[in-house]
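Notes follow once the structure below has been shown.
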Amino acid sequence: MLCYFISRKDYSLINCIETTSFSVVHNLDCGGKTKIVVAGNPGAADEDFVILKDGKEVKFKGIIEKIDHADGELKHSVSCLEIERIFDRKILLSDVEIIKQTGIEDFIAQTIKTYFSESGDNFADMAYINCKALTHTPIVAKPATDKGIYNFKTYIGNAKQNYGIFLDFEFEKDRLNISIYKKEQAAMQIDTTITDVTSCEETYKVKVLSKLNVLWNNTVTQEESMRYFYLHSDRSTSEVNEDRIDGTISTIYIEAETEEEMIQEAKNEFKNNSYSHSIEADIVATSKLYPFEELYAGHEVRIKTAAAGIQESIISEVSFDDAADVISVKFGILKVRLTDKLK
């Protein structure tokens with residue numbers, strides 16, 4: 001298996017080295033940490049690109065976080081971040097009207113051009129990037145900002161979770177092509193009680209969000225008002241305080257120009273109820289029922305477990321390494337502490 005190192009500065013090939021081991025982690029918020037041990041000195045720098053390939057199959061694409069090696073040893077340990085982390089930067093919200101008029105995908109493409117490839121800063125621009133929106137998903141909700149500033153990588157992760165928007169990175173000879181699209185994906189059916197799943201651990205949040213108090217700042221009129229949203233037994237949400245389910249109450253502040261935009265952001269808060277659990281399963285790497293290419297962060301699933309039966313979920317993390325014969329998959333977005341697992 002070979003590891004390719006490509007300069008982020010000028011997109012030139014720096015090195016190609018045989019690997020001795022690797023462990024790869026992808027997660028929903030693009031925060032996965034991957035480690036690759038190579039048989040020599042990569043000669044690369046922090047934030048340069050990394051591609052791990054097994055023949056023609058790409059196992060990982062990312063950027064270098066740091067490179068370590070012990071004195072006198074030829075092997076180097078390369079710590080990597082997910083490739084979306086090239087956009088881990090706070091920027092000023094601009095071109096926001098594109099989200100409603102054309103789509104999230106077009107907004108992401110334009111933002112990449114404005115701040116990362118065609119900003120006019122010749123020192124920092126990645127001019128070799130070519131990005132294109134393949135689908136168009138207009139919505140009314142805008143990125144949450146702090147005085148007009150937001151983290152672009154965080155927005156990309158939120159777009160994947162809430163709207164199924166994905167970025168594909170294709171390394172060609174002279175261009176890094178980025179395709180932005182809404183992935184049409186049927187919910188994957190997963191049964192953790194069959195032999196293709198070798199282990200399964202489950203943790204569930206007892207209560208879900210059932211009432212949301214929203215302090216809405218109308219950025220057009222500069223007026224503030226309180227609105228109240230409720231979760232009903234059929235899992236719908238409305239401002240009608242009837243047929244409520246038992247759960248928690250929370251309060252948030254939303255800045256929005258229109259009522260439609262405010263309501264969309266409120267509904268996104270309730271959407272997390274479907275993922276208020278953590279299921280960790282090991283799936284046989286050679287499984288025909290659950291092929292590797294279908295096990296990716298952001299894939300919605302209907303998962304059956306011995307304890308909870310069938311429920312909707314989402315793949316939040318996938319990890320694998322060169323030595324294991326299983327793929328470790330996490331479902332749901334509940335953050336699990338050690339004390340939770342001991343209960």
Any donor-acceptor pair under 3.5 Å from T219 side chain to E255 backbone: no
E202: salt bridge (Lys or Arg N to Asp or Glu O under 4.0 Å) partners, not counting sequence neighbours: none
Validation row: L212, I252 side chains within 4.5 angstrom (heavy atoms): yes
Selection residues 167-177 - residue pairs positive for salt bridge (charged side-chain N to carboxylate O under 4.0 Å, His left out), sequence neighbours left out: none
L167 vs F87 side-chain heavy atoms within contact, under 4.5 Å: yes
Qualifying salt bridge (charged side-chain N to carboxylate O under 4.0 Å, His left out) pairs, either residue in residues 76-97, two or more places apart: R85-D88
Heavy atoms of other groups near K35 NZ, more than 12 under 6.0 Å: no
pair T19-V37: side-chain heavy atoms closer than 4.5 Å: no
E312 side-chain N/O to V301 backbone N/O, donor-acceptor pair under 3.5 Å: no
Nearest non-hydrogen partners of A266 and I254, listed with the distance: N-CD1, 4.1 Å
Value rounded to 0.5 Å, distance of CD in E260 from CD in E265: 11.5 Å
Nearest-0.5 Å distance that lies between atom NZ in K132 and atom CD in E105: 13.0 Å
Y163 side chain near I139 side chain, heavy-atom distance below 4.5 Å: yes
Co-membership, hydrophobic cluster, residues I83 and L28, 4.5 Å side-chain: no
T305/I279 under side chain to side chain contact (heavy atoms under 4.5 Å, CB included): CA gap, chis, key distance, verdict: CA-CA 9 Å; T305 65; I279 303 171; 3.9 Å; yes
Pairs meeting criterion ring pair (Phe, Tyr, Trp, His ring centres under 6.0 Å) with involvement of residues 7-35, two or more places apart: Y11-Y128, H26-F60
Pair listing, salt bridge (charged side-chain N to carboxylate O under 4.0 Å, His left out) test, anchored in residues 138-162, at least two apart: K142-E257, K142-E261
Selection residues 208-244 - residue pairs positive for ring pair (Phe, Tyr, Trp, His ring centres under 6.0 Å), sequence neighbours left out: none
Hydrophobic cluster membership, M262 vs L231, 4.5 Å side-chain cutoff: yes
Closest heavy-atom pair and its distance - S233, D243: OG-OD2, 2.7 Å
Distance flag, aromatic centroids of F107 and Y155, threshold under 6.0 Å: yes
V38 with I63, same ILVMFWY side-chain cluster at under 4.5 Å: no
Check: L92 main-chain N/O paired with Y115 side-chain donor or acceptor under 3.5 Å: yes
Side-chain H-bond candidate by donor/acceptor type, E118 with T114, under 3.5 Å: no
Same apolar cluster: V96 and I165, side chain cutoff 4.5 Å: yes
N/O donor-acceptor pair under 3.5 Å between E18 side chain and M1 backbone: yes
Salt bridge (charged side-chain N to carboxylate O under 4.0 Å, His left out) contacts in which one or both residues fall within residues 177-187, not counting sequence neighbours: none
Residues which pass side chain to side chain contact (heavy atoms under 4.5 Å, CB included) with E224, listed by chain and number, not counting sequence neighbours: L215, N217, Y253
Side-chain donor-acceptor pair present, D282, S328, cut-off under 3.5 Å: yes
S23 and D321: side chain donor to acceptor below 3.5 Å: no
Taking every non-hydrogen atom, the tightest pair across T195 and T198: O-CG2, 4.3 Å
4.5 Å side-chain heavy-atom contact, I99 and P138: no
Cluster overlap L289 with V326, hydrophobic side-chain contacts below 4.5 Å: no
Result block: side-chain N/O donor-acceptor pairs under 3.5 angstrom for residues 119-126, not counting sequence neighbours:
from	atom 1	to	atom 2	distance (Å)
S119	OG	D121	N	3.2
S119	OG	D125	OD1	2.6
S119	OG	D125	OD2	3.4
D121	OD1	F123	N	3.1
D121	OD1	A124	N	3.4
D125	OD1	S119	N	3.3
D125	OD2	S119	N	3.0
D125	OD2	G120	N	3.0
D125	OD2	D121	N	3.4

Any donor-acceptor N/O pair, D54 side chain to E57 backbone, under 3.5 Å: no
Inter-residue atom distance I194.CD1 - K304.NZ, 0.5 Å rounding: 9.5 Å
Test item: L176 and F169 side chains (from C-beta on) under 4.5 Å apart, heavy atoms: yes
Validation row: E300, M188 side chains within 4.5 angstrom (heavy atoms): no
Flag, side chain of N15 to backbone of P42, donor-acceptor distance under 3.5 Å: yes
pair I108-F152: side-chain heavy atoms closer than 4.5 Å: yes
F292 six-ring centre to K59 NZ/CZ under 6.0 Å and within 45° of normal: yes
Side-chain donor/acceptor of S316 to backbone N/O of K330, under 3.5 Å: yes
P143 to Y150 - nearest heavy-atom pair and separation: CB-CD1, 4.0 Å
For E65, salt bridge (Lys or Arg N to Asp or Glu O under 4.0 Å) partners two or more places apart: K33
Shortest non-hydrogen separation from H69 to K75 and the atoms involved: CB-O, 3.3 Å
Less than 3.5 Å apart, which donor and acceptor atoms pair up between the side chains of residues 44-53 and the rest of the protein, not counting sequence neighbours?
from	atom 1	to	atom 2	distance (Å)
E47	OE1	R8	NH1	3.2
D48	OD1	R8	N	2.9
D48	OD2	A45	N	2.8

From CZ (R302) to OG (S313), nearest 0.5 Å: 11.5 Å
Pairwise distance OG(S79) to CD1(I64) - rounded to 0.5 angstrom: 10.0 Å
Point-to-point distance, once rounded to the nearest 0.5 Å, from OG1 of T145 to CG of L93: 6.0 Å
Evaluation steps, side chain to side chain contact (heavy atoms under 4.5 Å, CB included), between L134 and I180: CA-CA 6 Å; L134 302 184; I180 308 152; over 6 Å; no
For E269, salt bridge (Lys or Arg N to Asp or Glu O under 4.0 Å) partners two or more places apart: none
Salt bridge present between R244 and E242 (N-O < 4.0 angstrom): no
Shortest non-hydrogen contact from A109 toward C131: O-SG, 3.4 Å
